[in-house]
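Comments concern the structure below.
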Amino acid sequence: MSLADVTSPASYWQPLSSHSGGGSVQAAVRRVLATIYPEPYENERRQSPRFAFPYLVQLQPLTPDGNSRQGPSLVVVGKHLSETGLGFYHPRPLPSRIACVTLENAGQRASLLFELLWTQFTQHGWYESGGRFLRVLDSC
């Protein structure tokens, strides 16, 4: 399977080759999503469909340049995942707008550089946040 096959929408739900490190953000997220959703969601009108992702996600805050860790890593609760970003819940404010996010399920793992775009405080005392993936990382 070529890289073009991995990144085209038509091959979204076909098994992907195990590719460690590098690669496209979309291919890395697809590998994780394919372990959860055996069929594509057809009624989505967005350019990049969102999928429920009620899983724990490791988030390592990074300095604004994205090169150094900023404090300890934390675990957040996923809400939605798309090929371009992630929505999640967390109990405390985040120390940085840039982070390394590690998505993992059924043996598929993706570490991605993440930019926080929005946060809101919920009526339940937690925060709901979302952002976009910038690039694939080898690890956090």
Side-chain angles (χ1 to χ4, degrees):
M1 181 179 293
S2 71
L3 182 58
D5 293 333
V6 171
T7 58
S8 70
S11 66
Y12 191 91
W13 299 108
Q14 296 174 8
L16 300 173
S17 61
S18 59
H19 178 65
S20 60
S24 76
V25 168
Q26 290 82 7
V29 174
R30 286 176 190 161
R31 284 193 296 273
V32 174
L33 279 172
T35 66
I36 302 165
Y37 295 99
E39 299 292 329
Y41 184 68
E42 309 247 347
N43 295 328
E44 181 67 61
R45 289 181 283 171
R46 291 178 176 89
Q47 183 177 8
S48 182
R50 288 190 308 182
F51 297 87
F53 194 74
Y55 298 94
L56 299 178
V57 176
Q58 182 180 343
L59 187 140
Q60 173 60 61
L62 300 174
T63 55
D65 62 8
N67 292 324
S68 302
R69 292 178 180 215
Q70 184 174 343
S73 65
L74 52 134
V75 175
V76 299
V77 180
K79 178 181 179 185
H80 290 113
L81 177 65
S82 75
E83 293 178 359
T84 58
L86 174 70
F88 57 93
Y89 298 104
H90 49 102
R92 295 181 303 280
L94 299 175
S96 173
R97 295 183 62 85
I98 303 295
C100 176
V101 170
T102 302
L103 306 173
E104 192 168 8
N105 193 53
Q108 291 296 327
R109 181 182 179 117
S111 295
L112 305 157
L113 187 62
F114 176 82
E115 178 184 23
L116 184 70
L117 297 177
W118 61 271
T119 298
Q120 66 183 18
F121 190 70
T122 70
Q123 64 185 12
H124 302 292
W126 279 52
Y127 294 86
E128 181 180 354
S129 296
R132 66 183 176 147
F133 299 126
L134 301 175
R135 64 182 162 89
V136 175
L137 301 172
D138 289 330
S139 65
C140 290

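Values below: all heavy atoms of this structure, side chains included; hydrogens, waters and symmetry mates excluded.
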Side chain to side chain contact (heavy atoms under 4.5 Å, CB included) between Leu113 and Ile98: does it pass, once the steps are laid out? CA-CA 7 Å; Leu113 187 62; Ile98 303 295; 3.8 Å; yes

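- Taken from CD in Glu128 to NE2 in His80, the straight-line distance is 8.5 Å, to the nearest 0.5 Å.
- A donor-acceptor contact shorter than 3.5 Å links the side chain of Arg69 to the backbone of Cys140.
- Side-chain contact between Val76 and Trp126 is absent, with no heavy atoms from C-beta onward closer than 4.5 Å.
- Looking only at side-chain heavy atoms (C-beta outward), Leu112 and Val29 come within less than 4.5 Å of each other.
- The only option from His90, Gln120, Arg97 that meets the side-chain contact (heavy atoms from CB on, under 4.5 Å) definition with Ser129 turns out to be His90.
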Considering only distance and modelled atom types, tabulate donor-acceptor pairs under 3.5 Å from the side chains of residues 99-107, sequence neighbours left out.
{"from": "Glu104", "atom 1": "OE1", "to": "Arg109", "atom 2": "NH1", "distance (Å)": "3.3"}
{"from": "Asn105", "atom 1": "ND2", "to": "Thr35", "atom 2": "OG1", "distance (Å)": "2.8"}

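- Residues Ser139 and Ser111 share a closest heavy-atom pair of CA-OG, 3.8 Å.
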Report the C-alpha distance between Phe88 and Leu116 in whole Å, list the side-chain angles of each, state the deciding distance to 0.1 Å, and finish with yes or no for side chain to side chain contact (heavy atoms under 4.5 Å, CB included). CA-CA 11 Å; Phe88 57 93; Leu116 184 70; 4.2 Å; yes

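- Residues Pro61 and Ser73 approach most closely at CD-CA, 4.2 Å, considering heavy atoms.
- The shortest distance between side-chain heavy atoms of Phe114 and Leu137 does not fall below 4.5 Å.
- Side-chain contact check for Val77 versus Leu56: some heavy-atom pair is nearer than 4.5 Å.
- Gln60 places a side-chain N or O within donor-acceptor distance of the main-chain N or O of Gly71, the cut-off being under 3.5 Å.
- A single hydrophobic cluster is not seen to contain both Leu81 and Tyr127; linkage of ILVMFWY side chains at heavy-atom distances under 4.5 Å, directly or through other members, places them apart.
- Here the straight-line distance linking atom OG of Ser96 with atom CG of Leu94 works out to 8.5 Å at 0.5 Å rounding.
- Through chains of ILVMFWY side-chain contacts below 4.5 Å, Leu117 is grouped with Trp118.
- Looking at Glu115, its side chain never comes within 3.5 Å of a backbone N or O of Leu134 through a donor-acceptor pair.
- Linking ILVMFWY side-chain heavy atoms closer than 4.5 Å, directly or via other members, places Val57 and Phe51 in a single hydrophobic cluster.
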